[in-house]
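See below for the structure under consideration.
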Amino acid sequence: MDPMKPGMTAVVGGGAAGIAAVKALIEADVPVLGIERADGLGGLWRLDGATASYEGLCLNTSKPRTQFSDFPMPEEWPDYPTRAQMLEYLLAYADRSGVAERFRFGTTLESARRTPDGSWELVLDGPDGRSREVVEHLVVANGHNHVPRYPDPPYPGSFTGTQSHAHGYVTPEEFAGKRVLVVGTGNSAMDIASELTDHASAVLLSARRGVWVIPKRLLGRPSDQLNGALAALLPWRVRQAISQTMLRILGRRPAGPRLPTPREGLLQDHPTLSDSVPALVAAGQVLARHGISRFDGSRVHFADGQVDEVDHIIWCTGYRAVVPFLDADTAGDPAGLLLYRHVLPVDDTSISYVGLMQSTGSALPVVEAQARLVAGLRAGTYRPPTPETAVKIASAELAAARARWGERRPHMRIDIDAYLRIMKKELRPSSGGGLAGRRILVTGAAGTFGRAMSERFVREGAHVVGLDVACPEDSGVPIVACDITSQESVDAAVDEAVALLGGVDVLVNNAGRGGPAPAELAPDEEVDAQLRLNLVGAWRVTAAVMPHLVRARGRVVFVASRMAVLPLPLAAAYGVSKRALAAYADALRLEVGTHVGVTTIYPSMVRSPIHDSTRRAGLSLDAVSRPEPVEGVVDSIARALTARRAPRDVATTARGRVEMAVARHAPRLADRLVRRTVAARITAGDFAGAPLAAGMVRRHQE
């Protein structure tokens, strides 16, 4: 076996998620084994006793919003295809890539346990009995519509009629002549209630809370396509207001009884698509009822005091997410897992999940993107962030989900349009000027910018080595100890870094030092240290690396500061050194620009330890310079490095571009704006007790 090729990946599940995962792994040339307990592919779209499907099931998302990106549904199919058509589509999609050939059918994964070397030992029960397999990576794509969920705790009293879950529903004929209570307001509940009206003697629909019922078409188009078009432009709260207004204007609500009014906004719940149920409720063919309060034999009592005789209850109350083959430490409650991009555990790359989510749209585009992420991970073309960064991002997404959906499965919630945009960016392949394979040397690699940059570069397939006086073990990239203010240290460190990389294609001069240094005072050790590090140190490293950059026709990036063009008081050494660094970059460009691209990046303030000494001196300028996220700065650097031609000067935000333009073309105006802001800070007493600011404060008061 080729030691550079990934080992076997097992994909558990033969539904849409499993098919997409196996297809992506095949295309990435990753060895893959599919495991499916049924006799064929298709998952929940197969009509058998083990699935949640039923004969009359139709999609509740339209064709363009449902199909895989590289496999359009037939033009002649209806806007909302049937269950049989959906199964046909999935099988054709799988057949095109030879997916079925990689599966073992009729095989159940009994257990998956980690081995001492980090692999997975699988215990399989198949047609030939029990067997064991050891794989390098496990993809959990078994779906979460297998184990019915019932009200917990159960409603008081006892019901003497018959009961079933929507999971077991197939056709309405079996309920002919019965009084049937359908509990729930999801798409299955609406579909089943609608089908039963031609067979049951009475159909009751119990809604514990209100739900948005959306017609399948608005303005002559499938309704989900309208919100999808808005999603590319507007935040969800704005989309929600627009969508609700459109429904009020265009939604023709028939006169008569209605389902309860929803308390949550349209995009804060899971809307139900139905053209028939509101009309059936209004006509009395479906009897709308409140939530159940208790049972009394064949009588069902509802929360509003109404009582009905019922022969059979169909619970359309959803499913529990379970992964029975994993132990509790790995996936005790799958619906509560904190996953990076809803795919990867934040601290484990030996297992991934495809399809463990609850989307505002179709699952197919989501599992397709998730499958590509897994395939990129296994093929080595995608690198996830460090566990610390993964936790930060996943936690922020979880907080946003809670703010929108509350505690209704927030870990699993996905806004499909926002998610697909994020995943497109996450999976964006490097172009001709991309970072994959590039050999990058980063100074100050152990600091805030250095870590974030190195992580991003590695994730995009680059080879990275850092230079820093500190060499933390958790840096994620090799760091060579180097004091860039010492020529001897620089020469030795650059030689070692070049040996590790096999050359250098990109140098990012990121190392820097900040600190208080008023311009009116004589330069002290702090001023000397900042000039030696920020300017001369970058000069030393650049000179040492330049022969390699010329040979590689490479690029050099200088991380300057907005203070290089828009100076602020009380931090003169930093502003002067960064302005001098930009001047050095300009001079260097004139000398080596025919062979090496030279770019200067101008970030504003990013919250990092570099500002700590200034704050301790009582000279914080936080209110003068608006902080920006480190990710935006790193993104600007990455774009500069992957641009066809190296840009000259790059501001990292739109505000930064305006500030730079004002500073360069209207310097008096820029000075006036800064002075006014500083004067307001002095008046507010922000510099009281700061000795280094005493002269400026005194002059302001005179």
Of all the heavy-atom pairs spanning [X] and [Y], show the shortest one and how long it is.
| X | Y | result |
| --- | --- | --- |
| P472 | I479 | CD-CD1, 4.2 Å |
| A640 | T599 | CB-CG2, 4.1 Å |
| L337 | T330 | CD2-O, 3.8 Å |
| I19 | A94 | CG2-CB, 3.8 Å |
| V367 | A16 | CG2-O, 4.1 Å |
| I416 | G361 | CG2-N, 3.8 Å |

Tell me every residue that passes salt bridge (Lys or Arg N to Asp or Glu O under 4.0 Å) with [X], counting only those two or more places apart in sequence or in another chain.
| X | result |
| --- | --- |
| E101 | none |
| E27 | K23 |
| E36 | none |
| E496 | none |

Compile the donor-acceptor pairs under 3.5 Å between side chains in residues 341-356 and protein atoms, sequence neighbours left out, one pair per line.
unit_1 : atom_1 : unit_2 : atom_2 : d
R341   : NE     : E426   : OE1    : 3.0
R341   : NH1    : E397   : OE2    : 2.5
R341   : NH2    : E426   : OE1    : 3.2
H342   : ND1    : H411   : O      : 3.2
D348   : OD1    : S350   : N      : 2.9
D348   : OD1    : S350   : OG     : 2.8
D348   : OD2    : R114   : NH1    : 2.9
D348   : OD2    : R114   : NH2    : 2.6
D348   : OD2    : S350   : OG     : 3.4
S350   : OG     : R114   : NH1    : 2.9
S350   : OG     : W120   : NE1    : 3.4
S352   : OG     : H137   : NE2    : 2.9

(request) Tell me yes or no: between the side chains of T389 and E455, is some donor less than 3.5 Å from an acceptor? (result)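 Distance-only check passes for T389 and E455.
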(request) Using distance alone, with no hydrogens and no angle criterion, decide if R149 and T317 have a side-chain donor and acceptor under 3.5 Å apart. (result)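 Side-chain D/A pair, R149 to T317: absent.
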Nearest 0.5 Å please: distance from the [atom1] atom of [X] over to the [atom2] atom of [Y].
| X | Y | atom1 | atom2 | result |
| --- | --- | --- | --- | --- |
| D95 | L41 | CG | CG | 10.0 Å |
| Y89 | T66 | OH | OG1 | 8.5 Å |
| N510 | D468 | CG | CG | 9.0 Å |
| L507 | L467 | CG | CG | 8.0 Å |

Is there a donor-acceptor contact under 3.5 Å from the side chain of [X] to the main chain of [Y]?
| X | Y | result |
| --- | --- | --- |
| K63 | P74 | yes |
| T107 | F105 | yes |
| S119 | T115 | no |

Counterpart residues, side-chain contact (heavy atoms from CB on, under 4.5 Å), relative to [X] (two or more places apart):
| X | result |
| --- | --- |
| S636 | R639, V650, T652 |
| R37 | T108, H146 |
| P547 | R551 |

Ion pair present between [X] and [Y], side-chain N to carboxylate O less than 4.0 angstrom?
| X | Y | result |
| --- | --- | --- |
| D505 | R553 | no |
| E631 | R456 | no |
| D70 | R96 | yes |

(request) Using the six-membered ring wherever Trp is involved, compare the ring planes of H167 and H165 and label them parallel, tilted or perpendicular (cut-offs 30° and 60°). (result)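 Rings of H167 and H165: tilted, as their planes differ by 30° to 60°.
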(message) Tell me every residue that passes side-chain hydrogen bond (donor to acceptor under 3.5 Å, both in side chains) with S69, counting only those two or more places apart in sequence or in another chain.
(response) E368, R372
(request) Could you tell me which residues satisfy side-chain hydrogen bond (donor to acceptor under 3.5 Å, both in side chains) with Q85, sequence neighbours excluded, listed by chain and number? (result)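 With sequence neighbours excluded, Q85 shows a side-chain hydrogen bond (donor to acceptor under 3.5 Å, both in side chains) to T82, given in chain and number order.
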(message) For F457, give me all partners under ring pair (Phe, Tyr, Trp, His ring centres under 6.0 Å), at least two apart in sequence or on another chain.
(response)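 Partners of F457 under the ring pair (Phe, Tyr, Trp, His ring centres under 6.0 Å) test: none.
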(request) For H463, check ring pair (Phe, Tyr, Trp, His ring centres under 6.0 Å) against everything at least two apart and list the hits. (result) none
